[in-house]
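Below, read A as the first sequence line, B as the second, and so on, with proteins coming before strands; counting in each chain starts at 1.
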Amino acid sequence: MNKNNPEAAPEAVKSNFIHQEIDKDLSENKNGGAVLTRFPPEPNGYLHIGHAKSICLNFSLAQKYGGGCNLRFDDTNPVKEDVEYVDSIQEDVKWLGFTWEGEPKYTSDYFDQLYSWAVKLIKNGKAYVDDQSAEVIASQKGTPTTPGTESPYRNRSVEENLDLFERMKAGEFAAGEKVLRAKIDMASPNMHMRDPLMYRIIHQAHHRTGDKWCIYPMYDYAHGQGDFIEGITHSICTLEFEVHRPLYNWFIDQIVEGERTPEVRGRQIEFARLNLNYTVMSKRKLLELVQKGIVSGWDDPRMPTVSGLRRRGYTPESIRNFADKVGVAKRDGIIDVALLESCIREDLNKRVARVNAVVDPLKMIITNYPEDKEEWVELINNPEDESMGSRQLPFSREVYIERDDFMEDAPKKFFRLTVGKELRLKGAYAITCTGFKKNEDGVIEEIYATYDPETKSGATTVTRKIKGVIHWVSAKHAVDAEVRMYDRLYNHEAPAAQKDADHLDFINPDSLTVIAAKVEPSLKDAKVLDKFQFQRVGYFCVDKDSTSDKLIFNRTVALKDSWAKKK
RNA sequence: UGUCCCAUGGUGUAAUUGGCAACACGUCUGGUUUUGGUCCAGAAGAGUUUAGGUUCGAGCCCUAAUGGGACAACCA
């Protein structure tokens, strides 16, 4: 039994091109047949559904090949990083159901090793200290179509470079005064090979190494080496790093130069990142939503973050299933959020209890039901799962029904209530609508009905077919609840991909609607994150803002509604 | 006037590695149902961007074109 993904184990994980690459490596007996992957977030933000895809990929690769997956924080830039993020990332990965190998790793753990390898490069004439400003260095880079020019400091002596680099480390220089660069090829058609920076000076405390360092390695000089140190065999990353691959290999070539052949030498493989329509996925834009107060925080239920989805009511299983269904390829496309929604519906359908909750209450008075009578009726908790049993619900003369379950002028295909029509209050009696009352504004205030005592659910002797069934909640016993109805955050399919517009131009003003609902009394003791199907309405879960005095539910996703389409 | 990557129904991914293009989501029928949900049965929808080539045979291999994307942070 693999420790990852313990329960659900879709052994038939869809095959993808990475499997084929790994199969090939294995058939050539590379790395002694080992497979070790890693998930390497920078702790500078919260994880989102795109990271979840990568997490599922890396861990499922480890599972498939009997290997492992490390969690490594790529913490090479103290100005952007924070422990708040390392904590949330660990929480999210665990919540998704995965267990990384050993302790979490940190690139900062390798700073000493990285430094000594840098010294090796200098000694081998493969790195030099450059005194030029960022602007000058940038201008010398050339463009993708024109070669760059060499820095005047490129041919400093090894001794001078060694001395300068040590003094950089000792803190003798201000930020920006000096950098360490790899000496490769300023005319390379690949911009990343034009003497890339290895180290820059940053006088800022690091969340783990404190003030020990004032020089920090760049991504390109740190990532592959981190992989090398950990023995990562397959370094899976997204497409934009494709052009970094030659550099990834070059640096490892330099550090193994003159050493004995390493047992494990990993390789970078790139896949297309996840894109979802009607949402943005970049940390920068997500941060913008948070900072501008467009959402309530990183875990706002409208956010595509793992914490947002969790709060919204998504389950780890549904997200893993989603990650499996979107597949892995090198073509970048846009996934329809409908797929994500179908995954959570599929999961919740079979596991959560049905309850009666009226989201837009309209009072109905059953005029022939005795004023002070109440009785209990029984309802099945989940028709998909008999073992979930049933529960008792109070019934009385006045009940709330859904406002849109009544129509004054109903079309022929309307299966719900209109004057003169009979239907069933689910689990209780058949009722017939006898009339309604409007206020001065023409808004229906309450409706009237009579019930047929012979039609009580379970005990009925009546055999006539009653087409419509609606949910309800006894007015006297109803519990008030705030319900937060969520819609897509953006009203444009690709909010981040518009030339002349900012993603904020496409914010859906109606992405959150707060309503006052009437829910059945059994819900009074619901705990945060408890999940339900509000019968005929959708899937809901208790929000973290909920208290015993004030119940708050989030709508995770609506039920499919083929009636809404017909209208 | 560069280098690299990509191209299969509406969307996403497959195709036993050169052998009748499949699955999921979505859409549409019909049935079941005390949820217009679920479930069940079925349907429509691509001949694989284009042009050449290799081959008995090409979605798959080769060449080119076209279209899309990545690359010029002291970010990752």
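Using cut-offs of 30° and 60° on the angle between ring planes, the pair A/F241 and A/Y219 is tilted. The aromatic rings of A/W213 and A/F111 stand perpendicular to each other, their planes meeting at an angle above 60°, with 30° marking the opposite boundary.
The separation between A/D324 atom CG and B/rA14 atom P is 11 Å, rounded to whole Å. Taking atom OH on A/Y248 and atom C1' on B/rC4, their separation rounds to 19 Å, with Å as the unit. Regarding A/H19, its NE2 atom lies at a distance of 15 Å from the P atom of B/rU16, rounded to whole Å. Rounding to whole angstrom units, CG of residue A/L239 and C1' of B/rU3 are separated by 15 Å. Note: NZ (A/K330) to C1' (B/rA70) measures 11 Å, nearest angstrom. When the P atom of B/rA72 is taken as reference, atom CZ of A/R194 falls 11 Å away, rounded to whole Å. Regarding A/N321, its CG atom lies at a distance of 14 Å from the C1' atom of B/rU13, rounded to whole Å. Atom CZ of A/F241 and atom C1' of B/rC5 are 15 Å apart (whole Å).
Each of B/rG2, B/rA76, B/rG12 was ranked by its minimum atom distance to the side chain of A/Y219; first place goes to B/rA76.
Ring centroids of A/Y490 and A/Y278 are separated by 6.0 Å or more, keeping the two rings apart.
Among residue pairs with one or both ends in residues 274-284 of chain A, those qualifying as salt bridge (charged side-chain N to carboxylate O under 4.0 Å, His left out) are A/R284-A/E288; sequence neighbours excluded. A ring pair (Phe, Tyr, Trp, His ring centres under 6.0 Å) check over residues 178-200 of chain A, counting only residues at least two apart or in different chains, returns the pairs A/F165-A/Y199, A/H192-A/H244, A/Y199-A/Y221. Listed by first and then second residue, the salt bridge (charged side-chain N to carboxylate O under 4.0 Å, His left out) pairs involving residues 135-151 of chain A are A/E150-A/R154 (not counting sequence neighbours).
Using a 4.0 Å heavy-atom distance criterion, A/Q20 is classed as a base contact. Residue A/V179 is in base contact, counting any heavy-atom pair closer than 4.0 Å across all strands shown. Contacts of A/L379 with the nucleic acid, taken as non-hydrogen atoms under 4.0 Å apart, are absent. Note on A/Y216: nothing from the nucleic acid sits closer than 4.0 angstrom, heavy atoms only. Base contact: A/L197 has a heavy atom under 4.0 Å from a base atom. Counting non-hydrogen atoms under 4.0 angstrom, A/Q132 reaches a base of the nucleic acid. Residue-level contact check: A/H244 touches the bases, meaning some heavy atom is under 4.0 Å from a base atom.
A cation-pi arrangement is absent between A/R181 and A/Y128, since the terminal nitrogen or guanidinium carbon is not both under 6.0 Å from the aromatic centre and inside a 45° cone about the axis. A cation-pi geometry, defined here as NZ or CZ lying under 6.0 Å from the six-membered ring centre and within 45° of its normal, does not hold between A/R555 and A/Y486. In this structure, A/K169 forms a cation-pi arrangement with A/Y115, its terminal cationic atom sitting closer than 6.0 Å to the ring centre and no more than 45° off the ring axis.
Here A/K426 pairs with nothing under the salt bridge (charged side-chain N to carboxylate O under 4.0 Å, His left out) rule; sequence neighbours left out. Annotation: salt bridge (charged side-chain N to carboxylate O under 4.0 Å, His left out) contacts of A/E386 (sequence neighbours excluded): none. Annotation: salt bridge (charged side-chain N to carboxylate O under 4.0 Å, His left out) contacts of A/R354 (sequence neighbours excluded): none. Looking at residues two or more places apart in sequence or on another chain, you find a side-chain contact (heavy atoms from CB on, under 4.5 Å) between A/K330 and A/F17, A/L239, A/E242, A/E270.
Here the separation of B/rG26 from B/rA44, taken at their C1' atoms, is 13 Å to the nearest Å.
Among A/L57, A/N58, A/D23, the one residue that satisfies the side-chain contact (heavy atoms from CB on, under 4.5 Å) test with A/I18 is A/L57. Between A/I236 and the options A/R267, A/R38, A/E21, a side-chain contact (heavy atoms from CB on, under 4.5 Å) holds for only A/R38.
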Protein-nucleic acid N or O pairs under 3.5 Å, nucleotides 19-21 of chain B:
none

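In terms of position along RNA chain B, the nucleotide closest to A/G142 lies nearer the 5' end than the nucleotide closest to the other residue of the pair A/N44 and A/G142. Take the nearest nucleotide of RNA chain B for A/I137 and for A/F17: the residue whose nucleotide is more 5' is A/F17.
Not one side-chain nitrogen or oxygen of A/T143 sits closer than 4.0 Å to the OP1 or OP2 atom of B/rU1.
Of all non-hydrogen atoms in A/I252 and A/G224, the two that sit nearest each other are CD1-O, 3.8 Å.
In RNA chain B, runs of at least 3 consecutive Watson-Crick or G-U pairs, each pair with both distances below 3.5 Å, span B:2-7 with B:66-71, B:10-13 with B:22-25, B:27-31 with B:39-43, B:49-53 with B:61-65.
For B/rU11, the base is anti relative to its sugar; the glycosidic angle deviates from 0 by more than 90°. Classification of B/rG37 as anti follows from a glycosidic angle more than 90° from 0.
Within residues 72-81 of chain A, the residues having any heavy atom closer than 4.0 Å to RNA chain B are, in order of number, A/D74, A/T76, A/N77, A/K80. Residues from residues 186-193 of chain A with heavy atoms under 4.0 angstrom of RNA chain B, sorted by number: A/P189, A/M191, A/H192.
There is no side-chain donor-acceptor pair under 3.5 Å between A/D82 and A/H207.
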Run the side chain to side chain donor-acceptor pair (under 3.5 Å) test on A/R273 and A/H51 for me, step by step, so that the C-alpha distance in whole Å, both residues' side-chain angles and the decisive distance to 0.1 Å come before the verdict. CA-CA 9 Å; A/R273 63 163 4 107; A/H51 294 109; over 6 Å; no
B/S/- contact track for nucleotides 23-44 of chain B, protein heavy atom under 4.0 Å: -SSSS------BBBBB------
